[in-house]
Amino acid sequence: MLRLAEEEFARQAVMQPGSVRRVNDAARGALCITGIVFPEEVKYGPQKNGAGWVFLVERPALADGMAAGAPRLVLGERAGKDDIFSRLPVAKSLLPKKAVVVGAGAIGSFAGIELARAGVGEVTFLDFDTVQPGNSLRWPLGRSAWGRSKASALANFIAENYPWTSASFAQGRLGAAFTDVAALPDGSGNVLAPVFDLLRGADVVVDTSASEEVQLALAYHSKRFGVPYVVGYATHGVAGGVVGRFLPDAEGCFVCLQEHWKDKRLPEPRVDDAGVVIPVGCNAPTFTGGGFDLQEVSLEIVRTTVGLLSSGGYDPGGWTVAVLTLKNEDGSRTLPRWEGHACPAHPKCCGAQR
């Protein structure tokens, strides 16, 4: 390959001596990369005529004067958006969309990465927690993230691996109460103002906080700002889970769902109260379960979100609330089973105006 390239340079030197001289000058530098393009059968259809690339990388000498070795052959891979997204056509409709993921724990972390992998153009994580070694059992990143902010670790991972997605993070603790005004930083103003700015600029809010207070607040403000709200969580012992989506103009809302559950009009997800543990070194209980079960909820969150963002490119389904069952009533494992339900306006909530 290198010999053929040199022969081509010699031929071009007659017609374009100036250009070839500049190339030769560069080749005598610290690093020289020679790109060779050739016809290749890389396209579908009767013509099958495309362009392939290989690169020859040479270092005439290292900085200390030692020989750098023989040239190395580097295969050119196809990493453009058109090449990558040809495997997932719906991704192109997701590129201009923005998702805010609240909660970067066992469910939100996987969901956020999958949204980036699917082609969502902008993903912002909001979480206050740090990665502990015990999180590795149900968190996508391993030891390299221990001790780091969950939100920043995920944003950096996405930036390194999915360059078509702009990943960012905002650290804050929704639901925390300040009882000492003097303890607030100077000039902090309204501590919720940055959160409201995130919600206003989003195309969807994904709530994986697993906090009822945060869920109620985000559901209310998402509706107020006209942004679709997707909520998902697992129950104790990962016996079941819920994924719901609530559009700003929908008849029912997240509070309506709570009222329907109180009235037993809609089935609640199964709970395993024995599936709770207080790990050594922690001061709060957590549910037991691994990422291999929790990802059932994460993936349905992603499918629901992609359906909402794709402008018809991916079917979002005809239900409002999806209830997951992973365990039978006796605690034995069952195959994952999802049931979809509508969430009409409840007489004590949205239906009270009728």
Side-chain angles (χ1 to χ4, degrees), residues 97-118 120-162 165-176 191-192 194-199 201-215 217-219 221-222 227 229-234 238 241-243 279 282 284 286-287 289-306 309:
K97 304 297 184 179
K98 301 178 181 179
V100 173
V101 180
V102 180
I107 292 177
S109 56
F110 283 101
I113 290 176
E114 287 299 325
L115 288 174
R117 198 199 313 266
V120 175
E122 188 172 335
V123 177
T124 300
F125 294 95
L126 176 59
D127 196 291
F128 74 96
D129 205 2
T130 57
V131 183
Q132 297 178 339
N135 298 141
S136 300
L137 297 175
R138 55 192 188 201
W139 213 71
L141 308 184
R143 190 176 66 175
S144 62
W146 290 359
R148 296 170 59 190
S149 157
K150 288 181 177 179
S152 65
L154 290 169
N156 289 333
F157 177 81
I158 289 173
E160 291 175 359
N161 293 279
Y162 305 104
T165 298
S166 174
S168 59
F169 65 95
Q171 289 182 304
R173 185 167 188 172
L174 297 181
V191 294
L192 288 178
V195 177
F196 290 160
D197 290 340
L198 283 176
L199 300 185
D203 292 297
V204 65
V205 174
V206 178
D207 183 358
T208 61
S209 65
S211 165
E212 186 174 350
E213 293 86 354
V214 174
Q215 290 166 350
L218 286 177
H221 289 295
S222 296
V227 182
Y229 173 71
V230 176
V231 58
Y233 60 89
V238 198
V242 173
V243 174
C282 291
T286 183
F287 59 85
F292 45 81
D293 278 334
L294 292 167
Q295 286 182 65
E296 283 288 336
V297 180
S298 302
L299 293 176
E300 181 54 37
I301 288 174
V302 175
R303 287 189 289 265
T304 297
T305 303
V306 169
L309 295 179

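Hydrogens, waters and symmetry mates play no part in the numbers below; they use all other heavy atoms, side chains included. Residue numbers run from 1 in the order of the sequence given. Please read these numbers as outputs of a predicted model, since none were measured by experiment.
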Legend entry - Shortest non-hydrogen contact from A153 toward A145: CB-CB, 4.2 Å
Legend entry - Least distance between heavy atoms, V238 atom then G289 atom: CG2-CA, 3.7 Å
Inset, instruction - Determine the minimum heavy-atom distance between V100 and A202, stating which atoms define it. - result: CG2-CB, 3.7 Å
Inset, instruction - Apply side chain to side chain contact (heavy atoms under 4.5 Å, CB included) to the pair V123 and Y162, showing each step before the final yes or no. - result: CA-CA 11 Å; V123 177; Y162 305 104; over 6 Å; no
Legend entry - Interatomic spacing from CZ in F169 to OG1 in T124 - rounded to 0.5 Å: 10.5 Å
Inset, instruction - For S211, check side-chain contact (heavy atoms from CB on, under 4.5 Å) against everything at least two apart and list the hits. - result: S209, E213, V214
Legend entry - Non-neighbouring partners of N156 that pass side chain to side chain donor-acceptor pair (under 3.5 Å), sequence neighbours left out: none
Legend entry - salt bridge (Lys or Arg N to Asp or Glu O under 4.0 Å) contacts in which one or both residues fall within residues 149-158, not counting sequence neighbours: D129-K150
Inset, instruction - Name all residues meeting the side-chain contact (heavy atoms from CB on, under 4.5 Å) criterion together with S109; count only those two or more places apart in sequence or in a different chain, and write none if there are none. - result: W139, P140, L154
Inset, instruction - Quick one: list whatever passes ring-ring contact (aromatic ring centres under 6.0 Å, His included) with F157, sequence neighbours left out. - result: none
Inset, instruction - With sequence neighbours left out, write down each residue that passes side chain to side chain donor-acceptor pair (under 3.5 Å) with T130, or none if nothing qualifies. - result: none
Legend entry - E300: partners by salt bridge (charged side-chain N to carboxylate O under 4.0 Å, His left out), with sequence neighbours left out: R303
Inset, instruction - Would you mind listing every salt bridge (Lys or Arg N to Asp or Glu O under 4.0 Å) that reaches into residues 99-114, with sequence neighbours excluded? - result: E114-R117
Legend entry - Rounded distance (nearest 0.5 Å) linking atom OG of S168 with atom CG of L126: 10.5 Å
Inset, instruction - Work out which heavy atom in G108 is nearest to a heavy atom in F125; give both atom names and the distance. - result: O-CE2, 4.0 Å
Inset, instruction - Report the residues that fulfil side chain to side chain donor-acceptor pair (under 3.5 Å) with S166, sequence neighbours left out, ordered by chain and then residue number. - result: none
Inset, instruction - Evaluate the side chain to side chain contact (heavy atoms under 4.5 Å, CB included) criterion for residues V297 and Y233: first the C-alpha distance (whole Å), next the side-chain angles of each, then the deciding distance (0.1 Å), finally the verdict. - result: CA-CA 7 Å; V297 180; Y233 60 89; 5.8 Å; no
Legend entry - Set of residues satisfying side-chain contact (heavy atoms from CB on, under 4.5 Å) with respect to Y229, sequence neighbours excluded: V205, D207, Q215, L218, A219, S222, V231, F246, F254
Legend entry - Closest heavy-atom pair and its distance - V230, V243: CG1-CG1, 4.5 Å
Inset, instruction - Could you grab the distance from atom CG of L137 to atom CG of L294, nearest 0.5 Å is fine? - result: 11.0 Å
Legend entry - Non-hydrogen atoms of S136 and W146 that approach each other most closely: OG-NE1, 2.8 Å
Inset, instruction - Determine yes or no for a side-chain-to-main-chain donor-acceptor pair under 3.5 angstrom, with N135 supplying the side chain and Q132 the backbone. - result: yes
Inset, instruction - Can you sort out the partners of A99 under side-chain contact (heavy atoms from CB on, under 4.5 Å), two or more places apart, ordered by chain and number? - result: L115, V120, V204
